[in-house]
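Everything quoted here is computed from the prediction, not taken from an experiment.
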2 protein chains.
Amino acid sequence: MSNIRDVAQLAGVSVATVSRALQQPDLVSLKTRTKVLSAVKQLGYKPNLMAVRFRSGKTRNLVVLVPTVANVFFARVISGMQQAAHDKGYSLLLCNTLADEAMEQSYARMVHTSQADGLIQLRAHNPFAQLEMKTGSVLPMVNACEVLDRIACPTVLLDNRSAACAMTEHLLQLGHKRIAMIKGPARSPLTRDRVAGYRDALDAAGVAFDESLLYPGDFTLQSGHKAATELLALAKPPTAVFCENDEMAIGAIQGIKQAGLSVPGDVSVAGFDDISFAAFSDPPLTTIAQPAEEFGSTAVSLLIDLLDGRLGKAPKVILPFDLIQRDSTGPAPAGSG
Amino acid sequence: MSNIRDVAQLAGVSVATVSRALQQPDLVSLKTRTKVLSAVKQLGYKPNLMAVRFRSGKTRNLVVLVPTVANVFFARVISGMQQAAHDKGYSLLLCNTLADEAMEQSYARMVHTSQADGLIQLRAHNPFAQLEMKTGSVLPMVNACEVLDRIACPTVLLDNRSAACAMTEHLLQLGHKRIAMIKGPARSPLTRDRVAGYRDALDAAGVAFDESLLYPGDFTLQSGHKAATELLALAKPPTAVFCENDEMAIGAIQGIKQAGLSVPGDVSVAGFDDISFAAFSDPPLTTIAQPAEEFGSTAVSLLIDLLDGRLGKAPKVILPFDLIQRDSTGPAPAGSG
DNA sequence: TATATTAATGTAACCGATATCATTTATAAG
DNA sequence: CTTATAAATGATATCGGTTACATTAATATA
């Protein structure tokens, strides 16, 4: 690997001139610039970015904490992040946390050890307040998809409450009265918002809220299956199930079918996210579409703005949702409710 | 951010001693070590890894080129890579290539600009021979999931030919004679191997190969749907469809159902990969399970071994597969063939 | 032509750690 | 109590760029 000194020597100029010829060509005479560029080409010189970044103190790396890349929705978000990061000259250091806090902390520390400039997290259960206390320094962080309550932090999110409300209204309009919700972990703000939207719609329609219809899942296909199976075993089972993501909805559909019931004939099912599989389930899934890639690109933009000091006070960017009506939701069975 | 000089000053020793106290404690007296560690703790000192890596010339970053992270199988592979990389002190720079060669080249160049030590690619259509020629230097690279023909390169892969043969045999044993295959892009070595396995089984069973039953897809749900629809429109449609991945199989199932046929009553469908959705399709999908996470971890191990000069001549690691029989494959309809 | 001003280039410090080599201090052997 | 040997520590060059400052060359102004 040739370095800037080799280039300088070959071009017969100083290293400073080489650096300027490449970084601020205006400061170098045409004649010299030509000589330098010719030497660069001849040697196949590529600046050592490790050195550049060490000198500048900017790594141009961003840590991304993802609960699980196996989640199709997150995969799309990551895709959007990667594209945006690349466009702006940044790279992503991906961490699949798998709910392992030690792993999260370990990656978050990369910002303090100059391996990354900032951090993006999706679905933040555990804020890094603790870590920040300990190190005393601030961690440039952006949150995507889920709002962090305890920390003022730039965030890009959906109006989850309104979206959940809209879907619940859709089910109410179809005549459903017993609408179950397969939600996420109880402590998650995301779940809290969506449950709130669900209750908003019930309240507005004068339908009593029934705690037993609220079932906690963990966003996996399996948990959707289990939840639906148990909900159907209730004394007064639901005629509609609203799931907090599409994976659980697809799992729920299988559970309902295995119980000998039809979707949406006996039970309607709605999802959230509009992953690619949603349109290919049987029946195709009614769901809330989120601009997943845009979540990613917006999060990256926010973080870079934050790093460049171009950001005011922790903005919250709200992206639009879209209720996609397919065949998994239909009129409530006659005589129900 | 405090640096090693701050620590040295506070501890009343030289920077060299601080460095040794942290890197090679045996070379430092207990008394001095204690002083240093105390100063480290008091200042919250964390070594600047940017500096360490610049000095050492090792970035401890690995570039990962993924055709698309939206593919569930690849997501699992990445998960395995991330885990293994973290365990060994490496980070992953993820690139979602989306079949964009410019993007691939751009990320591959990161190795030449000292942003990464090596590269892992999945499904390599375009070898970097060209890039290597141009730069003259070798690119430490490992290939996963798909073998690269033109370059001798450490690889971790499945015996795709045997796996495809096994699945085809499974269908033959069920009495199917007209077995279609929804394959990937024609130029892919992966597809070539799997088609070869498919033909091996047909030949062994004395079933004539029919070119019209070989349909090229692109690994998406949509392409599986389209392929199945068109295959069923043939004068002599297949009674079984073997898809090169589960997404296409799930798409195919939908296409078959929409044509008014049942799976597996009229047409059996088999997939490849055993993604999480496979067990939740309707009917649950018969497929080939691959140790996806192990692909990832093995690829990372191979690359690190390669970087450390611990590798002989481009080994090919072959991981085992498992035929998972579910309900999407059944006996050929009576009177077929 | 002399002088002021600007453009072009060079010199060298610097970023933060590591590691070589030199030097001092502690221990062992005679 | 020396002297030889080992252990502990310090001073400093180094990695490859960038950049502040110094210096020289070129042009403009009087």
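Computed from coordinates, the B:L43 CG to C:dG16 P distance equals 14 Å when rounded to whole Å. Nucleotide C:dT9 holds its P atom 10 Å from the CG atom of A:L30, rounded to whole Å. At whole-Å resolution of the value, CD1 in A:I4 and P in D:dC15 are 14 Å apart. If you measure from atom CG of B:N3 to atom C1' of C:dA17, you get 9 Å, rounded to the nearest angstrom. For the pair B:L22 CG and C:dG16 C1', the computed distance is 13 Å after rounding to whole Å. Taking atom CG of B:L27 as the reference point, atom C1' of C:dA26 lies 16 Å away to the nearest angstrom.
Using a 4.0 Å heavy-atom criterion, one finds that B:D26 contacts the sugar-phosphate atoms exclusively. At the heavy-atom level, A:V13 lies under 4.0 Å from the strands shown only through sugar-phosphate atoms.
Side-chain contact check for A:S188 and A:E146: at least one donor-acceptor pair (N or O, by modelled atom type) lies under 3.5 Å. One side chain, B:Q82 or A:Y107, offers a donor N or O that lies under 3.5 Å from an acceptor on the other. Judged purely by distance below 3.5 Å, without hydrogens or angles, the side chains of B:T298 and B:S301 never pair a donor atom with an acceptor atom. A:R109 and A:Q115 form no side-chain donor-acceptor contact under 3.5 Å, judged by distance and modelled atom types alone.
The number of heavy atoms from other shown groups lying within 6.0 Å of CD (B:Q9) does not exceed 12.
The A:S14 side chain lies nearest to C:dT11 when the options are C:dA17, C:dT11, D:dG17. Distance from the side chain of A:F54 is smallest to C:dG16 among C:dA8, C:dG16, D:dT12. Looking at the side chain of B:N48, the nearest of the listed nucleotides C:dA17, D:dT9, C:dA8 is C:dA17. For A:P47, whose side chain is taken as the heavy atoms from C-beta onward, the closest listed nucleotide among D:dG17, C:dT18, D:dT18 is D:dG17. In the set D:dG17, C:dA19, D:dT18, C:dA19 carries the atom at the smallest distance from any side-chain atom of B:A16. Nearest to the side chain of B:V52, among D:dA8, C:dA17, D:dG16, sits C:dA17.
Projected onto DNA chain D by closest heavy-atom contact, B:K31 and A:R5 fall at different nucleotides, the more 5' of which corresponds to B:K31.
Phosphate contact (OP1/OP2 of C:dG10, side-chain N/O of A:T17, threshold under 4.0 Å): present. Regarding contacts with the backbone of C:dA7, every side-chain N or O of A:S29 stays at 4.0 angstrom or more from both OP1 and OP2. Look at B:S56 and you won't find any side-chain N or O under 4.0 angstrom from OP1 or OP2 of D:dC15.
If you check distances only, the side chain of B:R20 does reach the base of D:dG10 with a donor-acceptor pair under 3.5 Å. Counting distance only, with no hydrogens placed and no angle test, the side-chain atoms of A:R55 and the base atoms of C:dG16 include no donor-acceptor pair under 3.5 Å.
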